[in-house]
Amino acid sequence: MNEELAKIFYEIAIYFEMDDVPFKPQAYEKAAVVLETLSEDVEKIYKKEGIKGLEKLPGIGKNIAEKIIEYLKTRKIKEYEKLKKKIPVKLGELMPVEGLGPKKIKILYKKLKIKNLKDLERAALAHKIVPLFGFGEKTEKNILEGIKFLKRNKGRFLLGDILPSVRVIYEKLKNLKEVKKISLAGSLRRMKETIGDVDFLVVSDKPKIVMDFFVSLAGVVKVWGKGATKASVRMKAGYDMDIRVVPEKSYGSALQYFTGSKEHNIATRKIAIDKGFKLNEYGIKKEEDVYKALGLPYIEPELRENTGELNNKLPKLIGYDDILGDLHVHCDWDGGSNSIEEIAEAAGKMGYQYVGIADHTKFLRIEHGLDEKQLLQRNKEIDRINLKFKIKNLKFRVLAGCEANILGDGTIDIEDKVLAQMDFVIAGVHSQMKMSRGEMTERIIKAMRNPNVDIIAHPTGRIINRRDEYLVDVNQVLRAAKETGTILEINASPYRLDLKDTYIKKAKEAGVKMVINTDAHNLEQLSLMEYGISQARRGWAEKCDIINAWPLEKFLSFLKI
DNA sequence: GCCGTTTTCGGCCCGACTGTTTTCAGTCG
């Protein structure tokens, strides 16, 4: 519901912008952002607290609250319908085309009746756009290229798909002798789960050399926006990269500015105005000093979303080196690539103190799930390995676990007496994902009430850009987790990142403990931990919230039995 | 349309670049 409304408010904002209505566009856009990032369902808020509850939300006043209620009641907003009727275009298709904004879309509709991407492409190919006032040859060409780009890349890129290759490019730039300083900026520096493009910020006295090097990097297929200090390129892999070169004395302010988010920047600039000065990307050398000037402590990039970081006490975020063990690793017993010993060795090299083997269990035949007998056999092997470590006087420990299945009725597919022999038990939903909200919630809570179940794997089941969360009442799950002492997993796979950041924040607030797990099926995937940590940081998590940042004894004593 | 440790009225983030114009509106981040 929140997302539906957010989409409508975005579009209302665009319609107002077409008509040059002042200030309303920003107001509606703000409301849309608030709804999008709200973890509570607006319908619930309305049922519980009425219109007053809605008006308490930032950016939502009487008028927009009434529109929300109108939508809840009738599934329609009259004013939106009116605006749509006036200019009935598919904004969701046309707005993503680079170079097209509200004004141009309005002209295209008025003059050429262009309503969607198909109309637009047809008109551009027939050269009908060139003669329009305010348009020209280049605009038409850019529109065609924009359409081509959209067709190839639907939506944003997954952080995990982009970051490894970006790091290679980062090193190349860093090694250039004209580059004095370099940093990633934008959504990549904030470690968002999906990113729009890649931003580099560079300090150099010779911007031209840096820029020439940048636009001639291997993989660049298109260059535009090349001015004295900035340029953009499109990579063969489909994503865009921007670079900005600034003098040393502006590095801090530029880094703060280019890291964003947009909402965070708008808010920081308002704070600056209140304090009687103006904030732009120039003139401050160190990023901390920007925040100091605003009267704020340094804010970690992962927190910069204007979701409370500017007016609340900041958490001491869990660090990228704080994890002491990975508790969700599949070994070759369930079809994973590596033996338990190989995994233990790799985990030890990563500086971990323990690693938890969590193979699939029997219900998941397709993943070679282990039955009770095989689990116990495997545990014997783990015992042997631990004994070997002990003899060698190594502190490292392998923990025997499993990733058992929560069946449709909330029971676990492995007998309790075997579960009780595990060091820890992860349970997850891997089947019947289309249940009703009530049923799914009850099912998961029933599993949490099993005294052998310590951790719930990927608690909402989403696959980013591919599969929605299962219908589950997260608030109820959090309450039950707190009550039963069940730990919720933050699955670090860049395709899942489940829990997502807003739920992590809620879990922390509810006093629920979490564990960051890679769900690795091979040694390379052990390094995915970084994505889980960044997600936890985006959810304001501290070391005390994440049990695998705790030493072994403390963590073991927190488990149920 | 929202918001308020100066305000219930009068403010609302900032700059670069493009493509079209011939001084600037639109778009982007």
Side-chain angles (χ1 to χ4, degrees), chain A residues 9 12-18 20-34 54-68 79 94-108 129-143 145-146 185-190 195-201 207 211 223-232 240-246 250 253-254 256-283 290 294-295 306 310-311:
Chain A
F9 289 150
I12 292 178
I14 294 164
Y15 280 124
F16 280 135
E17 225 162 293
M18 286 180 183
D20 260 330
V21 178
F23 306 113
K24 285 192 189 187
Q26 294 91 311
Y28 276 97
E29 209 177 297
K30 168 101 195 280
V33 173
V34 167
L54 298 176
E55 285 185 54
K56 261 193 266 170
L57 298 169
I60 291 174
K62 184 166 174 287
N63 218 295
I64 291 185
E66 278 171 358
K67 290 201 167 53
I68 293 174
E79 182 159 15
L94 297 177
M95 279 299 285
V97 177
E98 259 180 77
L100 282 194
K103 304 284 168 62
K104 290 215 164 99
I105 289 174
K106 185 180 177 183
I107 294 173
L108 288 170
I129 289 174
V130 176
L132 295 180
F133 184 79
F135 291 74
E137 297 261 357
K138 286 228 169 137
T139 319
E140 189 176 87
K141 200 172 138 247
N142 287 341
I143 285 173
E145 277 184 26
S187 50
L188 252 174
R189 181 161 182 244
R190 304 200 310 281
I195 60 154
D197 58 14
V198 178
D199 297 289
F200 289 105
L201 181 70
M211 305 258 290
V223 179
W224 73 99
K226 190 161 176 258
T229 59
K230 65 183 278 189
S232 301
D240 294 345
M241 304 201 300
D242 294 336
I243 193 167
R244 279 294 285 254
V245 184
V246 296
S250 290
S253 38
Q256 193 280 329
Y257 170 60
F258 290 115
T259 297
S261 67
K262 190 176 154 209
E263 289 74 23
H264 177 87
N265 284 353
I266 289 172
T268 48
R269 285 170 179 208
K270 279 183 183 157
I271 294 173
I273 289 168
D274 288 345
K275 291 198 173 287
F277 58 94
K278 192 169 77 172
L279 179 61
N280 61 22
E281 56 262 51
Y282 300 103
V290 176
L294 295 170
N306 194 27
L310 294 168
N311 36 31

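Excluded from the calculations below are hydrogen atoms, water molecules and symmetry mates; all remaining heavy atoms, backbone and side chain alike, are included. Proteins get letters first, then strands, A, B, ... in listed order; numbering begins at 1 in each.
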request  = Kindly state each residue pair satisfying salt bridge (charged side-chain N to carboxylate O under 4.0 Å, His left out) with at least one member in residues 129-138 of chain A, sequence neighbours excluded.
outcome  = none

inquiry  = Taking ring pair (Phe, Tyr, Trp, His ring centres under 6.0 Å) as the definition, give me every residue that meets it alongside A/Y28, ordered by chain and number, with sequence neighbours left out.
reply    = A/F9, A/F16

query = Taking atom C1' in both B/dT18 and B/dT7, what distance in whole Å separates the two?
reply = 40 Å

task = Identify which nucleotide among B/dG29, B/dA16, B/dG1 has an atom closest to any side-chain atom of A/R244, counting heavy atoms from C-beta outward.
result = B/dA16

Rounded distance (nearest 0.5 Å) linking atom CZ of A/F258 with atom CG of A/D199 = 8.0 Å

inquiry  = Mind checking if A/I266 touches a base, just sugar-phosphate, or nothing, with heavy atoms under 4.0 Å?
reply    = base

Using the 3.5 Å cut-off, write out each protein N or O paired with an N or O of nucleotides 3-9 of chain B and the distance between them.
from: B/dC3; atom 1: OP1; to: A/G59; atom 2: N; distance (Å): 2.6

inquiry  = Tell me whether A/R269 contacts the main-chain N or O of A/N280 through its side chain, where contact means a donor paired with an acceptor under 3.5 Å.
reply    = no

key: Short side-chain N/O contact from A/N142 to OP1 or OP2 of B/dG19, under 4.0 Å   = yes

inquiry  = Measuring from the side chain of A/Y282 (C-beta onward, heavy atoms only), which nucleotide among B/dG29, B/dC14, B/dG15 has the closest atom?
reply    = B/dG15

query = How long is the line joining NZ of A/K226 and P of B/dA16, in whole Å?
reply = 18 Å

request  = Provide the distance between the two P atoms, one in B/dC2 and one in B/dC13, to the nearest whole Å.
outcome  = 16 Å

request  = Provide the distance between the two P atoms, one in B/dG15 and one in B/dC9, to the nearest whole Å.
outcome  = 32 Å

task = Send over the distance from A/I129 CD1 to B/dT20 P, rounded to a whole Å.
result = 11 Å

ask   = Would you say A/N280 reaches B/dG15's phosphate, i.e. side-chain N/O to OP1/OP2 under 4.0 Å?
value = yes

inquiry  = For B/dC13 and A/K270 - does any side-chain N or O of the residue sit under 4.0 Å from the phosphate oxygens OP1/OP2?
reply    = yes

remark   = So CD1 of A/I64 and NZ of A/K24: to nearest 0.5 Å the spacing works out to 10.0 Å

ask   = side chain to side chain donor-acceptor pair (under 3.5 Å) with A/K62: which residues, sequence neighbours excluded?
value = A/E66

Rounded distance in Å between the C1' positions of B/dT27 and B/dT20 = 13 Å

P atoms of B/dG1 and B/dT6, separation to the nearest Å = 27 Å

ask   = Out of curiosity, A/I195 CD1 to A/L188 CG, how far, rounded to the nearest 0.5 Å?
value = 4.0 Å

query = Nearest to the side chain of A/K138, which nucleotide is it out of B/dC14, B/dT20, B/dG29?
reply = B/dT20

inquiry  = Taking pairing as Watson-Crick or G-U wobble with both contacts under 3.5 Å, can you name the mate of B/dT8, or confirm there isn't one?
reply    = none

inquiry  = Any side-chain to backbone donor/acceptor pair from A/S232 onto A/D242? Under 3.5 Å, distance only.
reply    = no

inquiry  = For the C1' atoms, the ones on B/dG29 and on B/dT23, what distance do you get once it is rounded to whole angstrom?
reply    = 24 Å

request  = Just call it for A/F133: base, sugar-phosphate, or nothing, with non-hydrogen atoms closer than 4.0 Å on any strand.
outcome  = nothing

message = I'd like the C1' distance from B/dT8 over to B/dC3, given in whole Å.
response = 10 Å

task = Would you mind telling me which of B/dT20, B/dC13, B/dG1 lies closest to the side-chain atoms of A/K262?
result = B/dC13

message = Please report the distance separating the C1' of B/dC12 from the corresponding atom of B/dA16, rounded so that it comes out in whole Å.
response = 22 Å

ask   = A/E66 has an atom CD; how far is it from atom P of B/dG1, in whole Å?
value = 10 Å

ask   = Does atom CZ of A/F277 have more than 12 heavy-atom neighbours from other groups under 6.0 Å away?
value = yes

note = Readout for nucleotides 23-28 of chain B: B = base within 4.0 Å of protein heavy atom, S = sugar-phosphate only, - = neither; 5' to 3' it is ---SSS

task = Would you please confirm or rule out a distance under 4.0 Å between OP1 or OP2 of B/dT20 and any side-chain N or O of A/T139?
result = yes

ask   = Excluding sequence neighbours, so at least two apart, what forms salt bridge (Lys or Arg N to Asp or Glu O under 4.0 Å) with A/E140?
value = none

